[in-house]
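Structure first, then comments.
Every chain is numbered from 1, with letters handed out A, B, ... down the list of sequences.
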Protein chains: 2
Amino acid sequence: MIERDFIPADKACFEKLEAKFSAVFEPKTIDEICRHGHLKTYVADKILVDIGSSIKYMPVVLSGSIKVMTEDGNGNELLLYYLESGETCAVTLNCCTVEKKSTVRALTETESEILLVPVEKIEEWMIKYQSWRRYILGSYNQRLNEMVSAIDNIVFHSLEKRLIRYLREKVALKKNSVLVISHQDIADDLYTTRVSISRLMRKLEANKLIEQQRNRIAVLEEEKHEA
Amino acid sequence: MIERDFIPADKACFEKLEAKFSAVFEPKTIDEICRHGHLKTYVADKILVDIGSSIKYMPVVLSGSIKVMTEDGNGNELLLYYLESGETCAVTLNCCTVEKKSTVRALTETESEILLVPVEKIEEWMIKYQSWRRYILGSYNQRLNEMVSAIDNIVFHSLEKRLIRYLREKVALKKNSVLVISHQDIADDLYTTRVSISRLMRKLEANKLIEQQRNRIAVLEEEKHEA
DNA sequence: TTCATTGTGTATCGTATGTTACACACTTAC
DNA sequence: GTAAGTGTGTAACATACGATACACAATGAA
(Lines give C-alpha, C1' and ligand atoms only; values in the text may rest on other atoms or scores of the structure.)
Protein backbone atom coordinates (compact mmCIF):
# COMPACT_ATOMS: atom_id res chain seq x y z
CA MET A 1 0.00 0.00 0.00
CA ILE A 2 1.26 3.43 -0.91
CA GLU A 3 1.95 5.95 1.81
CA ARG A 4 -0.23 9.01 1.60
CA ASP A 5 -0.72 12.23 3.50
CA PHE A 6 -4.42 12.33 2.74
CA ILE A 7 -7.59 10.33 2.95
CA PRO A 8 -9.05 9.46 -0.47
CA ALA A 9 -12.36 11.19 -0.93
CA ASP A 10 -13.87 8.12 -2.56
CA LYS A 11 -12.14 4.95 -1.56
CA ALA A 12 -13.82 2.68 -4.12
CA CYS A 13 -13.07 4.99 -7.00
CA PHE A 14 -9.55 5.64 -5.79
CA GLU A 15 -8.70 1.99 -5.69
CA LYS A 16 -10.17 1.34 -9.08
CA LEU A 17 -8.11 4.12 -10.63
CA GLU A 18 -4.99 3.25 -8.72
CA ALA A 19 -5.12 -0.30 -10.03
CA LYS A 20 -5.16 1.03 -13.57
CA PHE A 21 -3.07 4.18 -13.36
CA SER A 22 -0.56 3.68 -10.57
CA ALA A 23 2.24 3.84 -13.13
CA VAL A 24 0.82 6.98 -14.73
CA PHE A 25 -0.52 9.24 -12.00
CA GLU A 26 0.63 9.93 -8.46
CA PRO A 27 -1.85 9.07 -5.67
CA LYS A 28 -2.59 12.73 -5.14
CA THR A 29 -3.59 13.21 -8.75
CA ILE A 30 -5.68 10.07 -8.71
CA ASP A 31 -7.48 11.34 -5.65
CA GLU A 32 -8.23 14.64 -7.36
CA ILE A 33 -9.47 12.86 -10.46
CA CYS A 34 -11.80 10.81 -8.30
CA ARG A 35 -13.03 13.85 -6.48
CA HIS A 36 -14.14 15.58 -9.66
CA GLY A 37 -14.90 12.70 -11.98
CA HIS A 38 -18.09 10.69 -12.19
CA LEU A 39 -17.86 6.95 -12.44
CA LYS A 40 -20.53 5.43 -14.65
CA THR A 41 -21.32 2.08 -16.20
CA TYR A 42 -22.99 1.88 -19.59
CA VAL A 43 -24.55 -1.01 -21.44
CA ALA A 44 -23.31 -1.98 -24.89
CA ASP A 45 -24.31 0.14 -27.92
CA LYS A 46 -25.11 3.21 -25.87
CA ILE A 47 -24.34 6.52 -27.57
CA LEU A 48 -22.29 8.58 -25.14
CA VAL A 49 -21.94 11.70 -27.25
CA ASP A 50 -23.25 12.42 -30.71
CA ILE A 51 -22.17 14.77 -33.46
CA GLY A 52 -23.27 18.29 -32.64
CA SER A 53 -23.99 17.69 -28.99
CA SER A 54 -22.17 19.83 -26.48
CA ILE A 55 -19.39 18.28 -24.49
CA LYS A 56 -19.17 18.59 -20.75
CA TYR A 57 -17.04 15.61 -19.90
CA MET A 58 -13.94 13.89 -21.15
CA PRO A 59 -14.35 10.12 -20.91
CA VAL A 60 -11.64 7.89 -19.49
CA VAL A 61 -12.31 4.23 -20.16
CA LEU A 62 -11.81 1.93 -17.20
CA SER A 63 -13.24 -1.22 -18.72
CA GLY A 64 -14.96 -2.18 -21.94
CA SER A 65 -14.44 -0.31 -25.18
CA ILE A 66 -15.77 2.71 -27.03
CA LYS A 67 -16.06 3.23 -30.76
CA VAL A 68 -15.39 6.76 -31.93
CA MET A 69 -16.53 7.86 -35.37
CA THR A 70 -17.31 10.95 -37.37
CA GLU A 71 -19.08 11.90 -40.59
CA ASP A 72 -17.72 13.69 -43.61
CA GLY A 73 -19.53 16.35 -45.61
CA ASN A 74 -21.30 13.72 -47.69
CA GLY A 75 -22.65 11.78 -44.75
CA ASN A 76 -20.09 9.00 -45.04
CA GLU A 77 -19.22 7.43 -41.73
CA LEU A 78 -15.55 7.40 -40.77
CA LEU A 79 -14.27 5.13 -38.05
CA LEU A 80 -11.72 7.08 -36.02
CA TYR A 81 -10.59 4.64 -33.38
CA TYR A 82 -11.54 2.42 -30.54
CA LEU A 83 -10.88 3.48 -26.95
CA GLU A 84 -9.79 0.72 -24.67
CA SER A 85 -9.10 0.45 -20.97
CA GLY A 86 -7.02 3.34 -19.66
CA GLU A 87 -7.50 5.47 -22.76
CA THR A 88 -9.21 8.75 -23.37
CA CYS A 89 -10.62 10.57 -26.37
CA ALA A 90 -8.14 13.03 -27.84
CA VAL A 91 -10.68 14.66 -30.11
CA THR A 92 -12.81 15.55 -27.13
CA LEU A 93 -9.88 17.44 -25.69
CA ASN A 94 -10.21 20.21 -28.19
CA CYS A 95 -13.58 20.94 -26.72
CA CYS A 96 -12.00 22.12 -23.49
CA THR A 97 -10.45 25.01 -25.38
CA VAL A 98 -11.99 25.89 -28.72
CA GLU A 99 -15.02 23.95 -29.86
CA LYS A 100 -17.91 23.31 -27.58
CA LYS A 101 -19.77 21.00 -29.93
CA SER A 102 -18.69 17.46 -30.59
CA THR A 103 -17.54 16.60 -34.08
CA VAL A 104 -17.65 12.92 -33.27
CA ARG A 105 -20.00 10.19 -32.15
CA ALA A 106 -18.86 7.86 -29.39
CA LEU A 107 -20.68 4.67 -28.48
CA THR A 108 -19.97 1.72 -26.25
CA GLU A 109 -18.98 -1.46 -28.01
CA THR A 110 -19.38 -3.59 -24.93
CA GLU A 111 -20.60 -2.86 -21.43
CA SER A 112 -18.16 -0.23 -20.22
CA GLU A 113 -17.12 1.55 -17.09
CA ILE A 114 -16.26 5.15 -17.80
CA LEU A 115 -14.90 7.95 -15.67
CA LEU A 116 -16.32 11.29 -16.77
CA VAL A 117 -13.94 14.17 -16.18
CA PRO A 118 -15.42 17.68 -16.35
CA VAL A 119 -13.81 19.50 -19.27
CA GLU A 120 -12.87 22.53 -17.19
CA LYS A 121 -10.56 20.32 -15.14
CA ILE A 122 -8.55 19.22 -18.15
CA GLU A 123 -6.70 22.48 -18.53
CA GLU A 124 -6.47 23.12 -14.81
CA TRP A 125 -4.73 19.81 -14.27
CA MET A 126 -2.44 20.36 -17.23
CA ILE A 127 -0.97 23.26 -15.32
CA LYS A 128 -0.84 21.44 -12.02
CA TYR A 129 0.26 17.92 -12.84
CA GLN A 130 3.08 16.83 -15.08
CA SER A 131 1.64 13.34 -15.18
CA TRP A 132 -1.67 14.64 -16.48
CA ARG A 133 0.07 16.76 -19.11
CA ARG A 134 1.91 13.73 -20.36
CA TYR A 135 -1.19 11.60 -20.30
CA ILE A 136 -3.02 14.10 -22.49
CA LEU A 137 -0.16 14.62 -24.93
CA GLY A 138 0.40 10.88 -24.99
CA SER A 139 -3.23 10.35 -25.98
CA TYR A 140 -2.88 12.71 -28.88
CA ASN A 141 0.24 10.98 -30.02
CA GLN A 142 -1.29 7.58 -29.80
CA ARG A 143 -4.23 8.68 -31.93
CA LEU A 144 -2.02 10.33 -34.50
CA ASN A 145 0.02 7.16 -34.76
CA GLU A 146 -3.11 5.08 -35.10
CA MET A 147 -4.35 7.30 -37.89
CA VAL A 148 -1.07 6.97 -39.69
CA SER A 149 -1.18 3.23 -39.42
CA ALA A 150 -4.79 3.26 -40.59
CA ILE A 151 -3.74 5.12 -43.72
CA ASP A 152 -0.82 2.79 -44.18
CA ASN A 153 -3.15 -0.14 -43.86
CA ILE A 154 -5.61 1.20 -46.38
CA VAL A 155 -3.15 2.18 -49.06
CA PHE A 156 -0.63 -0.63 -48.84
CA HIS A 157 -2.68 -3.66 -47.96
CA SER A 158 -5.38 -5.60 -49.74
CA LEU A 159 -8.86 -5.71 -48.38
CA GLU A 160 -8.30 -9.33 -47.44
CA LYS A 161 -5.32 -8.50 -45.23
CA ARG A 162 -7.16 -5.59 -43.70
CA LEU A 163 -10.11 -7.85 -42.96
CA ILE A 164 -7.98 -10.44 -41.21
CA ARG A 165 -6.24 -7.78 -39.19
CA TYR A 166 -9.57 -6.21 -38.33
CA LEU A 167 -10.98 -9.49 -37.08
CA ARG A 168 -7.93 -10.31 -35.01
CA GLU A 169 -7.79 -6.86 -33.46
CA LYS A 170 -11.43 -7.11 -32.60
CA VAL A 171 -10.86 -10.46 -30.95
CA ALA A 172 -8.01 -9.01 -28.90
CA LEU A 173 -10.13 -6.01 -27.99
CA LYS A 174 -13.11 -8.02 -26.87
CA LYS A 175 -11.00 -10.76 -25.34
CA ASN A 176 -13.26 -13.28 -27.03
CA SER A 177 -12.50 -15.25 -30.15
CA VAL A 178 -16.14 -15.31 -31.15
CA LEU A 179 -17.39 -12.04 -32.58
CA VAL A 180 -21.05 -11.11 -32.74
CA ILE A 181 -21.15 -8.88 -35.78
CA SER A 182 -22.70 -8.74 -39.22
CA HIS A 183 -20.91 -8.56 -42.54
CA GLN A 184 -22.47 -5.17 -43.12
CA ASP A 185 -20.98 -3.74 -39.93
CA ILE A 186 -17.56 -5.00 -40.91
CA ALA A 187 -17.94 -3.50 -44.36
CA ASP A 188 -18.78 -0.12 -42.84
CA ASP A 189 -15.69 -0.16 -40.64
CA LEU A 190 -13.47 -1.10 -43.57
CA TYR A 191 -15.09 1.34 -46.01
CA THR A 192 -16.25 -1.31 -48.42
CA THR A 193 -19.40 -3.20 -49.34
CA ARG A 194 -21.16 -6.10 -47.74
CA VAL A 195 -20.77 -8.21 -50.86
CA SER A 196 -17.01 -7.81 -50.84
CA ILE A 197 -16.84 -8.82 -47.21
CA SER A 198 -19.07 -11.85 -47.74
CA ARG A 199 -16.90 -12.89 -50.67
CA LEU A 200 -13.73 -12.66 -48.59
CA MET A 201 -15.29 -14.29 -45.55
CA ARG A 202 -16.15 -17.28 -47.69
CA LYS A 203 -12.50 -17.41 -48.71
CA LEU A 204 -11.23 -17.08 -45.13
CA GLU A 205 -13.59 -19.83 -44.12
CA ALA A 206 -12.30 -22.09 -46.89
CA ASN A 207 -8.78 -21.39 -45.63
CA LYS A 208 -9.86 -22.40 -42.12
CA LEU A 209 -9.04 -18.99 -40.68
CA ILE A 210 -12.57 -18.48 -39.44
CA GLU A 211 -15.84 -20.29 -38.93
CA GLN A 212 -19.09 -18.47 -39.20
CA GLN A 213 -22.79 -18.58 -38.66
CA ARG A 214 -25.35 -15.86 -38.88
CA ASN A 215 -24.08 -12.84 -36.88
CA ARG A 216 -21.34 -14.94 -35.37
CA ILE A 217 -17.73 -15.31 -36.43
CA ALA A 218 -15.25 -17.57 -34.70
CA VAL A 219 -11.72 -16.42 -35.44
CA LEU A 220 -9.45 -19.45 -35.37
CA GLU A 221 -5.95 -19.50 -33.94
CA GLU A 222 -3.47 -17.77 -36.14
CA GLU A 223 -0.70 -20.07 -37.15
CA LYS A 224 2.04 -18.76 -39.35
CA HIS A 225 -0.16 -18.54 -42.43
CA GLU A 226 1.01 -15.10 -43.46
CA ALA A 227 3.85 -14.34 -45.80
CA MET B 1 1.82 49.77 -31.58
CA ILE B 2 1.08 47.66 -28.52
CA GLU B 3 1.93 49.01 -25.11
CA ARG B 4 4.52 46.98 -23.29
CA ASP B 5 6.31 46.99 -19.99
CA PHE B 6 9.45 45.48 -21.46
CA ILE B 7 12.00 45.90 -24.17
CA PRO B 8 11.96 43.04 -26.71
CA ALA B 9 15.22 41.16 -26.49
CA ASP B 10 15.39 40.81 -30.25
CA LYS B 11 13.46 43.51 -32.05
CA ALA B 12 13.66 41.99 -35.53
CA CYS B 13 12.48 38.59 -34.36
CA PHE B 14 9.81 40.12 -32.16
CA GLU B 15 8.29 42.07 -34.98
CA LYS B 16 8.34 39.13 -37.32
CA LEU B 17 6.51 36.96 -34.80
CA GLU B 18 4.11 39.65 -33.78
CA ALA B 19 3.05 40.14 -37.38
CA LYS B 20 2.16 36.48 -37.58
CA PHE B 21 0.97 35.64 -34.07
CA SER B 22 -0.47 38.82 -32.61
CA ALA B 23 -3.87 37.15 -32.48
CA VAL B 24 -2.46 34.03 -30.84
CA PHE B 25 0.17 35.06 -28.31
CA GLU B 26 0.49 38.04 -26.00
CA PRO B 27 3.51 40.30 -26.54
CA LYS B 28 5.17 38.91 -23.43
CA THR B 29 4.93 35.36 -24.72
CA ILE B 30 6.21 36.39 -28.12
CA ASP B 31 9.16 38.05 -26.48
CA GLU B 32 9.96 34.92 -24.53
CA ILE B 33 9.66 32.77 -27.64
CA CYS B 34 12.09 35.10 -29.40
CA ARG B 35 14.49 35.00 -26.53
CA HIS B 36 14.80 31.22 -26.58
CA GLY B 37 14.09 30.37 -30.20
CA HIS B 38 16.52 30.43 -33.09
CA LEU B 39 15.44 32.01 -36.33
CA LYS B 40 16.82 30.23 -39.39
CA THR B 41 16.32 30.28 -43.11
CA TYR B 42 16.64 27.08 -45.13
CA VAL B 43 16.85 26.48 -48.86
CA ALA B 44 14.30 24.21 -50.57
CA ASP B 45 14.63 20.42 -50.22
CA LYS B 46 16.72 20.60 -47.07
CA ILE B 47 16.13 17.78 -44.61
CA LEU B 48 15.53 19.35 -41.22
CA VAL B 49 15.13 16.17 -39.20
CA ASP B 50 15.32 12.59 -40.33
CA ILE B 51 13.89 9.38 -38.98
CA GLY B 52 15.91 8.22 -36.01
CA SER B 53 17.68 11.50 -35.40
CA SER B 54 17.33 13.06 -31.97
CA ILE B 55 15.13 16.09 -31.62
CA LYS B 56 16.26 19.21 -29.83
CA TYR B 57 13.97 21.76 -31.39
CA MET B 58 10.37 22.14 -32.29
CA PRO B 59 10.01 24.00 -35.60
CA VAL B 60 7.54 26.82 -36.08
CA VAL B 61 7.16 27.79 -39.72
CA LEU B 62 7.23 31.53 -40.42
CA SER B 63 7.34 31.34 -44.18
CA GLY B 64 7.65 28.63 -46.82
CA SER B 65 6.44 25.08 -46.24
CA ILE B 66 7.67 21.83 -44.78
CA LYS B 67 6.77 18.32 -45.83
CA VAL B 68 6.50 15.82 -43.00
CA MET B 69 6.62 12.11 -43.76
CA THR B 70 7.30 8.79 -42.10
CA GLU B 71 8.02 5.22 -43.09
CA ASP B 72 6.11 2.07 -42.26
CA GLY B 73 7.64 -1.26 -41.32
CA ASN B 74 8.00 -2.22 -44.97
CA GLY B 75 9.86 0.90 -46.00
CA ASN B 76 6.82 2.49 -47.61
CA GLU B 77 6.81 6.25 -47.42
CA LEU B 78 3.79 7.87 -45.84
CA LEU B 79 3.04 11.53 -46.32
CA LEU B 80 1.80 12.93 -43.02
CA TYR B 81 1.15 16.58 -43.75
CA TYR B 82 2.54 19.87 -44.91
CA LEU B 83 3.39 22.59 -42.42
CA GLU B 84 2.59 26.07 -43.59
CA SER B 85 3.15 29.52 -42.20
CA GLY B 86 2.30 29.76 -38.50
CA GLU B 87 2.13 26.01 -38.00
CA THR B 88 4.17 23.61 -35.96
CA CYS B 89 4.82 19.88 -36.02
CA ALA B 90 2.58 18.02 -33.61
CA VAL B 91 4.47 14.77 -33.91
CA THR B 92 7.63 16.48 -32.75
CA LEU B 93 5.84 17.48 -29.58
CA ASN B 94 5.87 13.99 -28.24
CA CYS B 95 9.63 14.19 -28.21
CA CYS B 96 9.53 16.76 -25.46
CA THR B 97 8.09 14.15 -23.14
CA VAL B 98 8.53 10.55 -24.14
CA GLU B 99 10.48 9.79 -27.29
CA LYS B 100 13.78 11.42 -27.96
CA LYS B 101 14.20 10.07 -31.47
CA SER B 102 12.25 11.34 -34.39
CA THR B 103 9.82 8.98 -36.06
CA VAL B 104 9.43 11.36 -38.98
CA ARG B 105 11.37 13.07 -41.69
CA ALA B 106 10.79 16.77 -42.28
CA LEU B 107 12.09 18.63 -45.28
CA THR B 108 11.57 22.06 -46.75
CA GLU B 109 9.39 22.21 -49.84
CA THR B 110 10.37 25.76 -50.65
CA GLU B 111 12.83 28.17 -49.10
CA SER B 112 11.58 28.53 -45.56
CA GLU B 113 12.06 30.63 -42.50
CA ILE B 114 11.78 28.55 -39.37
CA LEU B 115 11.84 29.39 -35.70
CA LEU B 116 13.48 26.61 -33.71
CA VAL B 117 12.09 26.30 -30.20
CA PRO B 118 14.14 24.22 -27.74
CA VAL B 119 12.06 21.23 -26.70
CA GLU B 120 12.54 21.84 -22.99
CA LYS B 121 10.65 25.10 -23.35
CA ILE B 122 7.56 23.45 -24.76
CA GLU B 123 6.43 22.01 -21.48
CA GLU B 124 7.61 24.97 -19.44
CA TRP B 125 5.49 27.34 -21.50
CA MET B 126 2.52 25.01 -21.37
CA ILE B 127 2.44 25.63 -17.65
CA LYS B 128 3.05 29.35 -17.93
CA TYR B 129 1.02 30.50 -20.91
CA GLN B 130 -2.57 29.67 -21.71
CA SER B 131 -2.02 30.87 -25.27
CA TRP B 132 0.86 28.46 -25.76
CA ARG B 133 -1.18 25.60 -24.32
CA ARG B 134 -3.94 26.31 -26.79
CA TYR B 135 -1.53 26.67 -29.65
CA ILE B 136 -0.07 23.25 -28.92
CA LEU B 137 -3.42 21.51 -28.42
CA GLY B 138 -4.73 23.31 -31.48
CA SER B 139 -1.86 21.91 -33.55
CA TYR B 140 -2.67 18.41 -32.49
CA ASN B 141 -6.27 18.87 -33.35
CA GLN B 142 -5.52 20.32 -36.72
CA ARG B 143 -3.32 17.34 -37.56
CA LEU B 144 -5.88 14.84 -36.35
CA ASN B 145 -8.50 16.51 -38.49
CA GLU B 146 -6.21 16.51 -41.48
CA MET B 147 -5.53 12.82 -41.04
CA VAL B 148 -9.22 12.11 -40.89
CA SER B 149 -9.83 14.04 -44.05
CA ALA B 150 -6.90 12.27 -45.69
CA ILE B 151 -8.52 8.93 -44.91
CA ASP B 152 -11.86 10.22 -46.08
CA ASN B 153 -10.26 11.36 -49.29
CA ILE B 154 -8.57 8.06 -49.92
CA VAL B 155 -11.52 5.83 -49.26
CA PHE B 156 -14.35 7.84 -50.73
CA HIS B 157 -12.82 9.57 -53.73
CA SER B 158 -11.39 8.37 -57.01
CA LEU B 159 -7.75 8.83 -57.76
CA GLU B 160 -8.68 11.43 -60.34
CA LYS B 161 -10.49 13.60 -57.79
CA ARG B 162 -7.64 13.17 -55.32
CA LEU B 163 -5.16 14.19 -57.98
CA ILE B 164 -7.04 17.38 -58.85
CA ARG B 165 -7.38 18.27 -55.20
CA TYR B 166 -3.71 17.55 -54.65
CA LEU B 167 -2.68 19.82 -57.49
CA ARG B 168 -4.93 22.65 -56.38
CA GLU B 169 -3.81 22.43 -52.78
CA LYS B 170 -0.24 22.48 -53.90
CA VAL B 171 -0.88 25.57 -55.97
CA ALA B 172 -2.48 27.30 -52.98
CA LEU B 173 0.40 26.23 -50.78
CA LYS B 174 3.10 27.47 -53.09
CA LYS B 175 1.11 30.51 -54.17
CA ASN B 176 2.08 29.72 -57.74
CA SER B 177 -0.11 28.11 -60.35
CA VAL B 178 2.87 26.47 -62.01
CA LEU B 179 4.20 23.46 -60.15
CA VAL B 180 7.67 22.09 -60.62
CA ILE B 181 7.19 18.42 -59.87
CA SER B 182 7.45 15.04 -61.58
CA HIS B 183 4.69 12.52 -62.07
CA GLN B 184 6.64 10.11 -59.91
CA ASP B 185 6.67 12.52 -56.96
CA ILE B 186 2.94 13.01 -57.25
CA ALA B 187 2.41 9.26 -57.41
CA ASP B 188 4.40 8.83 -54.20
CA ASP B 189 2.34 11.42 -52.36
CA LEU B 190 -0.91 9.83 -53.53
CA TYR B 191 0.25 6.25 -52.87
CA THR B 192 -0.08 5.13 -56.45
CA THR B 193 2.08 4.51 -59.51
CA ARG B 194 3.64 6.84 -62.02
CA VAL B 195 1.76 5.22 -64.88
CA SER B 196 -1.59 5.87 -63.25
CA ILE B 197 -0.70 9.50 -62.70
CA SER B 198 0.54 9.96 -66.27
CA ARG B 199 -2.66 8.40 -67.53
CA LEU B 200 -4.80 10.78 -65.49
CA MET B 201 -2.66 13.81 -66.28
CA ARG B 202 -3.25 13.15 -69.94
CA LYS B 203 -6.97 13.15 -69.21
CA LEU B 204 -6.83 16.34 -67.16
CA GLU B 205 -4.88 17.96 -69.94
CA ALA B 206 -7.48 16.88 -72.50
CA ASN B 207 -10.12 18.44 -70.25
CA LYS B 208 -8.13 21.69 -70.16
CA LEU B 209 -7.67 21.53 -66.41
CA ILE B 210 -3.91 21.58 -66.68
CA GLU B 211 -1.12 22.13 -69.15
CA GLN B 212 2.14 20.35 -68.77
CA GLN B 213 5.69 20.07 -69.90
CA ARG B 214 8.53 18.06 -68.49
CA ASN B 215 8.67 18.67 -64.72
CA ARG B 216 6.25 21.51 -65.02
CA ILE B 217 2.50 21.57 -64.51
CA ALA B 218 0.37 24.64 -65.00
CA VAL B 219 -2.88 24.27 -63.09
CA LEU B 220 -5.55 26.23 -64.91
CA GLU B 221 -8.27 28.25 -63.24
CA GLU B 222 -10.97 26.11 -61.74
CA GLU B 223 -14.32 26.93 -63.15
CA LYS B 224 -17.34 25.06 -61.95
CA HIS B 225 -16.33 21.81 -63.57
CA GLU B 226 -17.07 19.62 -60.60
CA ALA B 227 -20.33 17.89 -59.85
C1' DT C 1 -49.51 -19.13 -38.41
C1' DT C 2 -48.01 -15.16 -41.56
C1' DC C 3 -45.28 -11.44 -42.54
C1' DA C 4 -41.54 -8.19 -42.33
C1' DT C 5 -36.82 -7.65 -41.28
C1' DT C 6 -32.25 -8.84 -41.31
C1' DG C 7 -28.24 -11.50 -42.66
C1' DT C 8 -25.89 -14.27 -46.10
C1' DG C 9 -24.59 -16.73 -50.62
C1' DT C 10 -23.89 -16.22 -55.32
C1' DA C 11 -23.70 -14.72 -60.26
C1' DT C 12 -22.85 -11.29 -63.69
C1' DC C 13 -20.74 -7.37 -65.21
C1' DG C 14 -18.17 -2.93 -65.43
C1' DT C 15 -14.16 -0.47 -64.44
C1' DA C 16 -10.42 1.75 -62.06
C1' DT C 17 -6.10 0.81 -61.03
C1' DG C 18 -1.77 -1.90 -60.76
C1' DT C 19 1.91 -4.35 -63.55
C1' DT C 20 5.16 -4.78 -66.98
C1' DA C 21 7.31 -3.47 -70.93
C1' DC C 22 9.22 -0.48 -74.29
C1' DA C 23 10.09 3.81 -76.96
C1' DC C 24 11.66 8.19 -76.83
C1' DA C 25 12.56 13.07 -75.45
C1' DC C 26 15.13 16.05 -72.48
C1' DT C 27 18.99 17.10 -69.42
C1' DT C 28 23.44 16.79 -67.61
C1' DA C 29 28.06 15.03 -67.20
C1' DC C 30 31.96 13.61 -69.61
C1' DG D 1 30.01 14.88 -79.69
C1' DT D 2 28.43 10.33 -76.57
C1' DA D 3 26.50 8.31 -72.67
C1' DA D 4 23.84 7.98 -68.59
C1' DG D 5 20.10 9.44 -66.00
C1' DT D 6 15.53 11.12 -65.63
C1' DG D 7 10.80 12.14 -67.09
C1' DT D 8 6.89 10.97 -70.02
C1' DG D 9 3.65 8.46 -73.38
C1' DT D 10 1.41 4.41 -74.38
C1' DA D 11 -0.03 -0.39 -75.01
C1' DA D 12 -1.48 -4.98 -73.38
C1' DC D 13 -2.95 -7.42 -69.63
C1' DA D 14 -4.39 -9.02 -64.92
C1' DT D 15 -7.31 -8.33 -61.13
C1' DA D 16 -9.50 -6.61 -57.11
C1' DC D 17 -13.35 -4.45 -56.08
C1' DG D 18 -17.84 -2.07 -56.65
C1' DA D 19 -22.66 -2.31 -58.41
C1' DT D 20 -26.72 -4.72 -59.02
C1' DA D 21 -29.76 -8.34 -58.73
C1' DC D 22 -31.93 -12.25 -56.80
C1' DA D 23 -32.70 -16.34 -53.80
C1' DC D 24 -33.15 -17.90 -49.47
C1' DA D 25 -32.45 -18.75 -44.38
C1' DA D 26 -32.98 -17.12 -39.73
C1' DT D 27 -35.30 -14.21 -36.60
C1' DG D 28 -38.87 -11.92 -34.37
C1' DA D 29 -43.31 -9.53 -34.21
C1' DA D 30 -48.31 -9.75 -35.11
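Contact between B:Thr110 and B:Ser112 at its shortest, heavy atoms only, is O-OG, 2.8 Å. The shortest heavy-atom contact between A:Leu220 and A:Lys208 is CD1-O, 3.1 Å. Across every non-hydrogen atom of B:Thr193 and B:Ser196, the tightest pair is OG1-OG, 3.0 Å. A pairwise comparison of heavy atoms in A:Met69 and A:Leu79 identifies CB-CA, 4.3 Å as the closest pair.
Between the OG atom of A:Ser177 and the CD1 atom of A:Ile217 there is a distance of 11.5 Å, given to the nearest 0.5 Å.
The outermost nucleotides of DNA chain C lying under 4.0 Å from heavy atoms of chain B, listed 5' to 3', are C:dT17 to C:dT27.
Axis angle, first five pairs versus last five pairs of the helix from C:dT1-D:dA30 to C:dC30-D:dG1: 30°, rounded to 10°.
Counting only residues at least two apart or on different chains, the side chain to side chain donor-acceptor pair (under 3.5 Å) pairs with a member in residues 48-57 of chain A are A:Asp50-A:Arg105, A:Ser54-A:Lys56. Contacts classified as salt bridge (Lys or Arg N to Asp or Glu O under 4.0 Å) and involving residues 197-206 of chain B (residues at least two apart or in different chains) are given here: B:Glu160-B:Lys203. Among residues at least two apart or in separate chains, side chain to side chain donor-acceptor pair (under 3.5 Å) pairs with a member in residues 146-156 of chain B are B:Gln142-B:Glu146, B:Arg143-B:Glu146.
Under the 30°/60° scheme for interplanar angles, the aromatic rings of A:Tyr135 and A:Phe21 are found to stand perpendicular.
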I'd like to compare against my own output: the B/S/- annotation of nucleotides 4-17 of chain D with a strict under-4.0 Å heavy-atom distance to protein.
-BBSBBBBB----B

Could you walk me through whether B:Tyr166 and B:Lys170 pass side-chain contact (heavy atoms from CB on, under 4.5 Å), step by step?
CA-CA 6 Å; B:Tyr166 174 87; B:Lys170 203 111 180 160; 3.3 Å; yes

